[in-house]
> 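Here it is, the structure, as structure tokens.
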Amino acid sequence: MKKHNFSAGPSILSEYTIKNTADAILNFANTGLSLLEVSHRGKEFVAVMDEAQQLVKELLDVPEGYHVLYLGGGASLQFCMAPYNLLRSKAGYLDTGTWAANAIKEARLFGEVEVLASSKEANYTYYPKGYEVPEDLDYFHITTNNTIYGTELRTDPDVKVPLIADMSSDIFSRPVDVSKYDLIYAGAQKNLGPAGATLVIVKEDALGKVDRQIPTMLDYRTHIKKDSMFNTPPVLPVFSSLQTLRYYKELGGVKEMEKRDLAKAALLYDAIDSSKMFVGTVTDPDSRSIMNVTFVMTPEYKELEKDFVDFCAARGIVGIKGHRSVGGFRASLYNALPIESVQALVDAMKEFEKAH
């Protein structure tokens, strides 16, 4: 049975990425060795790292003066690494969900944090608007997509202070004006590759301005000097990420991915909005994520939620159970998910509703 993988992360990867990675595990770059056992300093893998960095620059149109890094530790390590390197006295954060709250918690270890806006009181069912960003901040931090609650900011804010973004779950789903940011970071396991690598895009001029001593491994300059090779990088995730980047380029780049993602999201949101059984959890239509669609059953059908998950599983539709803090369902529509899978979910929703 064909599987339709809506998991929030680690998530679906393209067949292109999976096949090429599997081939390299058996025989990497015709070396007769597995990708899992080659030296990361050998010319074959150095070429992989170089291309993986260059393709990010090409696909996102990264301007001069920025560095692309592949690090370990996930986005969660960036929650402390960013303020370690950039927070001198005070930073501003948006509180838009669990991961934003975790980033705020870590930043407070390094300086004053001002939460400029929050949607916590509404269980994060909208993305905040209308807030002011003070000009005395060292930086302003946003989480562009909130996987648990299904909200997203799909524009690049215009602010007069350095801007930092956690784009873990929506990077490569739209064009980004990188010049507006001092730092962008993203865990790989959504739109890039398997878990284990973290993409970092950092502006050279943003670094070296804090007075504190930074541990070697937590200093971005360490990894810039060594081209992400200061220590052994996450070799397999970087290789897989390169395959994904090649795939995006082959398909037409980020604009094409955005076109496909918008079509997938529209198909599912239309089904939710026209249903008497299902209802979306995001209260502001402009805040709806096109990466993670969250919805529940109306009160009269609430007891059927588990039955619907089982109904979907019998049809090869997996990973749609909602996070415990929201309940209901979550369909993650990352770049690698084909629109045919979204149609399969929509058909299942209509069939289930008709039967009840």
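Keep in mind that what you see is a predicted model, and the values were worked out from it rather than measured.
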> What about Ile184 and Val161, same hydrophobic cluster or not, with Ile/Leu/Val/Met/Phe/Trp/Tyr joined at side-chain heavy-atom distances under 4.5 Å?
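Yes; tracing contacts between hydrophobic side chains, which count when under 4.5 Å, links both residues.
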> Quick one about Asn123 and Thr125 (side-chain donor to acceptor, distance below 3.5 Å, no hydrogens or angles considered), yes or no?
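On atom types as modelled, these side chains do not qualify, holding no pair under 3.5 Å.
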> Could you tell me the separation between the CG atom of Leu192 and the CD1 atom of Ile171, rounded to the nearest 0.5 Å?
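Result: 7.5 Å between the selected atoms.
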> Kindly write out the residues that satisfy salt bridge (Lys or Arg N to Asp or Glu O under 4.0 Å) with Asp273, not counting sequence neighbours, or none if the list is empty.
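Residues passing salt bridge (Lys or Arg N to Asp or Glu O under 4.0 Å) with Asp273: Arg288.
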> If you round to the nearest 0.5 Å, how far is CZ of Phe295 from CE of Met277?
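It is 11.5 Å, given to the nearest 0.5 Å.
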> Test of understanding: with side-chain hydrogen bond (donor to acceptor under 3.5 Å, both in side chains), list the residues that count as partners of Asn85, not counting sequence neighbours.
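Checked Asn85 against side-chain hydrogen bond (donor to acceptor under 3.5 Å, both in side chains); zero matches.
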> Please determine whether a side-chain nitrogen of the Lys or Arg among Asp347 and Lys350 lies less than 4.0 Å from a carboxylate oxygen of the Asp or Glu.
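No salt bridge links Asp347 with Lys350.
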> Determine whether more than 12 heavy atoms belonging to other residues, nucleotides or ligands lie under 6.0 Å from atom CD of Glu64.
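No, CD of Glu64 has 12 or fewer neighbouring heavy atoms, counting only those of other groups under 6.0 Å.
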> Assess, by modelled atom type and distance only, whether the side chains of Asp170 and Thr144 contain a donor and an acceptor separated by less than 3.5 Å.
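There is such a pair between these side chains.
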> Are any of the side-chain nitrogens in Arg88 or Asp211 under 4.0 Å away from the carboxylate oxygens of its partner?
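No, Arg88 and Asp211 are not salt-bridged.
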> Would a 4.5 Å heavy-atom cut-off, applied to side chains only, mark Asp61 and Val178 as touching?
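No, their side chains stay 4.5 Å or more apart.
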> Test side chain to side chain contact (heavy atoms under 4.5 Å, CB included) on Cys312 and Leu345 and set out the steps.
CA-CA 8 Å; Cys312 286; Leu345 175 57; 4.2 Å; yes
> State, to 0.1 Å, how close Thr151 and Thr96 come at their nearest heavy-atom pair, and which atoms those are.
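Here Thr151 and Thr96 meet closest at OG1-O, 4.2 Å.
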> Take a 6.0 Å sphere around CD of Glu37 and say whether it holds more than 12 heavy atoms from other residues, nucleotides or ligands.
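Count over threshold, so yes.
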> Under a 3.5 Å threshold, yes or no: a donor from one side chain and an acceptor from the other, between Thr294 and Thr281?
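Judged by distance alone, the side chains do pair up.
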> Assess whether side chain to side chain contact (heavy atoms under 4.5 Å, CB included) is satisfied between Leu86 and Leu207, documenting all intermediate values.
CA-CA 7 Å; Leu86 301 175; Leu207 303 176; 4.1 Å; yes
> May I have all residue pairs that pass ring pair (Phe, Tyr, Trp, His ring centres under 6.0 Å) and include part of residues 42-66, sequence neighbours excluded?
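Qualifying pairs: none.
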> Say whether Tyr248 and Asn335, considering side chains only, have a donor N or O and an acceptor N or O under 3.5 Å apart.
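On atom types as modelled, these side chains qualify, holding a pair under 3.5 Å.
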> Taking only residues two or more places apart in sequence, or in another chain, which ones meet Ser119 in a side-chain hydrogen bond (donor to acceptor under 3.5 Å, both in side chains)?
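Partners of Ser119 under the side-chain hydrogen bond (donor to acceptor under 3.5 Å, both in side chains) test: none.
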> By the salt bridge (Lys or Arg N to Asp or Glu O under 4.0 Å) test, which pairs, at least two apart or in different chains, include something from residues 244-255?
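As it turns out, the salt bridge (Lys or Arg N to Asp or Glu O under 4.0 Å) pairs with a partner in residues 244-255, which skip direct neighbours, are Glu51-Arg246, Glu58-Lys249.
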> Other members of the hydrophobic cluster containing Val282, with the 4.5 Å side-chain heavy-atom rule, please.
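Reading the cluster by chain and number, Val282 sits alone, since nothing else belongs.
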> What ring pair (Phe, Tyr, Trp, His ring centres under 6.0 Å) pairs are there with at least one residue in residues 24-44, not counting sequence neighbours?
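Pairs touching residues 24-44 that pass the test: Phe28-Phe239.
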> Just do the side chain to side chain donor-acceptor pair (under 3.5 Å) check on Ser240 and Thr21 with the steps written out, would you?
CA-CA 6 Å; Ser240 294; Thr21 302; 2.8 Å; yes
> Could you tell me whether Lys209 and Asp138 have a side-chain N and a carboxylate O separated by less than 4.0 Å?
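Salt bridge between Lys209 and Asp138, a charged N being under 4.0 Å from a carboxylate O: no.
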> For a quick check under 3.5 Å, do Thr31 and Glu44 share a side-chain donor-acceptor pair by atom type?
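Absent: no donor and acceptor within the cut-off.
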> Please list, chain by chain and in numerical order, all residues satisfying side-chain hydrogen bond (donor to acceptor under 3.5 Å, both in side chains) with Lys105, sequence neighbours excluded.
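Partners of Lys105 by the side-chain hydrogen bond (donor to acceptor under 3.5 Å, both in side chains) criterion come out as none, since no residue qualifies.
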> What's in the same ILVMFWY side-chain cluster as Tyr126, cut-off under 4.5 Å, chained through other members?
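Hydrophobic cluster check, Tyr126: no partners found.
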> Please give the remaining members of the hydrophobic cluster of Phe230, linking ILVMFWY side chains under 4.5 Å, ordered by chain and number.
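Traced through the cluster, Phe230 reaches Met217.
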> Taking side-chain hydrogen bond (donor to acceptor under 3.5 Å, both in side chains) as the test, write out the residues that go with Glu351, two or more places apart.
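With neighbours one apart ignored, the set is Arg315.
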> Is the number of heavy atoms from other residues, nucleotides or ligands within 6.0 Å of NZ (Lys259) greater than 12?
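Check fails, neighbour count at 12 or below.
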> Flag the pair Met349 / Phe308 as yes when at least one side-chain heavy-atom distance between them is below 4.5 Å, and no otherwise.
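Yes - at least one pair of side-chain heavy atoms lies under 4.5 Å apart.
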> Does CD in Glu132 sit with more than 12 non-hydrogen atoms of other residues, nucleotides or ligands closer than 6.0 Å?
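Not more than 12 within 6.0 Å, no.
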> With a 4.0 Å cut-off on N to O distance, would you call Asp219 and Arg221 a salt bridge?
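Between Arg221 and Asp219 there is a salt bridge, with a charged N closer than 4.0 Å to a carboxylate O.
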> What's the shortest heavy-atom distance between Lys190 and Gly9, and which atoms?
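The pair with the smallest heavy-atom distance is CD-CA, 4.2 Å.
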> Run Lys90 and Glu114 through salt bridge (Lys or Arg N to Asp or Glu O under 4.0 Å) and show every step you take.
CA-CA 7 Å; Lys90 184 171 68 170; Glu114 185 176 344; 3.8 Å; yes
> In terms of hydrophobic clusters joined by side-chain contacts under 4.5 Å, are Tyr149 and Trp99 together?
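As far as the 4.5 Å side-chain criterion goes, Trp99 and Tyr149 are connected within one cluster.
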> Are the aromatic ring centres of Phe352 and Tyr301 under 6.0 angstrom apart?
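For Phe352 and Tyr301, the ring centres are not under 6.0 Å apart.
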> Is any side-chain N of the basic residue among Arg154 and Glu258 closer than 4.0 Å to the acidic one's carboxylate O?
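Salt bridge flag = yes for Glu258 with Arg154.
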> Name all pairs fulfilling the ring pair (Phe, Tyr, Trp, His ring centres under 6.0 Å) condition that reach into residues 197-228, sequence neighbours left out, sorted by first residue then second.
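As it turns out, there is no ring pair (Phe, Tyr, Trp, His ring centres under 6.0 Å) pair with a partner in residues 197-228 once direct neighbours are skipped.
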> Quick one: are Ser173 and Glu152 in side-chain contact, heavy atoms under 4.5 Å?
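The answer is yes, as the side chains (C-beta and beyond) meet within the 4.5 Å cut-off.
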> If you count heavy atoms of other groups shown closer than 6.0 angstrom to CZ of Arg212, is the number above 12?
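Count over threshold, so yes.
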> Are Leu153 and Leu116 linked, directly or through other ILVMFWY residues, by side chains that come within less than 4.5 angstrom of each other?
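Same cluster.
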